[in-house]
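Since the structure is predicted, the reported quantities are computational estimates derived from the model, not experimental observations. Chain letters run A, B, ... following the sequence lines, proteins first and then strands; every chain starts at 1.
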Protein chains: 2
Amino acid sequence: MRTLKHSRQREAIKEFLMTRTDHPTADIVYDNLRNEFPNISLGTVYRNLALLSEIGEIQKLTTGTGADRFDGNINPHYHFICKECHCVQDLKMDTMDALTEEASKHFDGKLDGHLAYFYGTCGDCIKKS
Amino acid sequence: MRTLKHSRQREAIKEFLMTRTDHPTADIVYDNLRNEFPNISLGTVYRNLALLSEIGEIQKLTTGTGADRFDGNINPHYHFICKECHCVQDLKMDTMDALTEEASKHFDGKLDGHLAYFYGTCGDCIKKS
DNA sequence: ACAATATCAGTAATGATTTCTATTATCGAA
DNA sequence: TTCGATAATAGAAATCATTACTGATATTGT
């Protein structure tokens, strides 16, 4: 069987994500990890981000523009994507389970959950314009 | 100013999407269009799919696994993605505007709308297992 | 300490999408 | 109906994000 061995790189990747709320890309994680691990490889970052999101310790966000982003916060929540500056923000709502349940009524398979991406203009970009 | 000129290829791409409910990828559109346009270029397909979704005549779906998919149905609806066979199905719900409104209450920018992707196992895959 | 093997760094390869360039098609105006 | 401006094309090359490969290193149970 495949056992999971500890890795300092993987631990550091997860710790880094926990300190951020801006949903960084693999590239940004890589740049920051190089302080602690000057020789870390981008492949290692990608491999561990994929592993961590597979086992549910982080969340992968596919926004549709640019690279995937990663979120260290795995509490259920939605995301907002600004169409001007492309920033990504958390959006807490307590109706998520209800929506999955409602959707299940109209569906003949089995629903496990859902993701939602809200789009619009963020507060900062509104001020600037 | 940039004016839009008619193109038989673009028209055919849109017409093809209207005949399908399975949300094909650019590659699949390309393969099918070659019947009518033996020399059509994949670049042309991508360019027109991007243009059509920019002007709101089709919808682009970024599923997180594999290539983007495209939907000729622009009536508001959600999508379901099967985690077994990766098929994509429409999921009609009449609470979409209400969810955007609800989310707006907790957000300091301006929300235009949202996309949601439900995941789980489709009816066919349940039968097979 | 040793053996088994998961993980690594570094690099090459892949897949999806975009960009570039010279040619062709569209369309309003003459 | 032709002309000129330019949007759109085919085909190919380039880019971007991500994954796979390879030989070396780190981790863990015994």
Looking at [X], does any N or O in its side chain come under 4.0 Å of the phosphate oxygens OP1/OP2 on [N]?
X       : N      : answer
B:Gln9  : C:dA25 : no
B:Ser7  : C:dA25 : no
B:Asn39 : C:dT24 : no

Taking atom [atom2] of [N] as reference, at what distance in whole Å does atom [atom1] of [X] sit?
X       : N      : atom1 : atom2 : answer
A:Leu52 : C:dT7  : CG    : P     : 11 Å
B:Leu4  : C:dC27 : CG    : P     : 10 Å
B:Ile13 : D:dT9  : CD1   : P     : 7 Å
B:Asn48 : D:dA7  : CG    : P     : 15 Å
B:Ile55 : D:dA8  : CD1   : C1'   : 14 Å
A:Leu51 : D:dT19 : CG    : P     : 13 Å
A:Tyr30 : D:dC16 : OH    : C1'   : 16 Å
A:Ile40 : D:dT25 : CD1   : P     : 17 Å

### Query
Can you list the steps and then say if B:Arg20 with B:Asp71 is a salt bridge (charged side-chain N to carboxylate O under 4.0 Å, His left out)?
CA-CA 8 Å; B:Arg20 303 273 293 224; B:Asp71 191 343; over 6 Å; no
### Given DNA chain D, 5'-ward residue of the pair B:Arg2 and A:Arg8, judged by closest heavy atom
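So the residue in question is B:Arg2.
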Closest approach to the side chain of [X], judged atom by atom: which nucleotide of [options] is it?
X       : options               : result
A:Ser41 : D:dT9, C:dA9, C:dT7   : C:dA9
A:His6  : D:dT9, C:dA9, D:dT27  : D:dT27
B:Lys5  : C:dC27, C:dA9, D:dG11 : C:dC27

### Task
May I ask you to check whether A:His114 and A:Tyr78 show a side-chain donor-acceptor distance below 3.5 Å?
yes
### Query
Does a salt bridge link A:Lys105 with A:Glu102, judged by any charged N lying under 4.0 Å from a carboxylate O?
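A salt bridge is present here (some side-chain N lies under 4.0 Å from a carboxylate O).
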### Query
Is a salt bridge present between B:Arg69 and B:Asp22, judged by a nitrogen-to-oxygen distance below 4.0 Å?
no
### Test log, rule salt bridge (charged side-chain N to carboxylate O under 4.0 Å, His left out), inputs A:Asp90 and A:Lys92
CA-CA 6 Å; A:Asp90 289 333; A:Lys92 190 157 175 43; over 6 Å; no
Under 3.5 Å between N/O atoms: give me all the protein pairs with nucleotides 13-18 of chain C, atom names plus distance.
{"from": "C:dT17", "atom 1": "OP1", "to": "B:Asp68", "atom 2": "N", "distance (Å)": "3.0"}
{"from": "C:dT17", "atom 1": "OP1", "to": "B:Asp68", "atom 2": "OD2", "distance (Å)": "3.3"}
{"from": "C:dT17", "atom 1": "OP2", "to": "B:Tyr46", "atom 2": "OH", "distance (Å)": "2.5"}

### Message
Hydrophobic clustering (ILVMFWY, side-chain heavy atoms < 4.5 Å, transitive) - are A:Leu17 and A:Leu115 grouped together?
### Response
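Shared cluster, no.
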### Message
Quick check on A:Asp112: does its CG atom have over 12 non-hydrogen neighbours (other residues, nucleotides or ligands) under 6.0 Å away?
### Response
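Enclosed: over 12 neighbouring heavy atoms sit under 6.0 Å from CG of A:Asp112.
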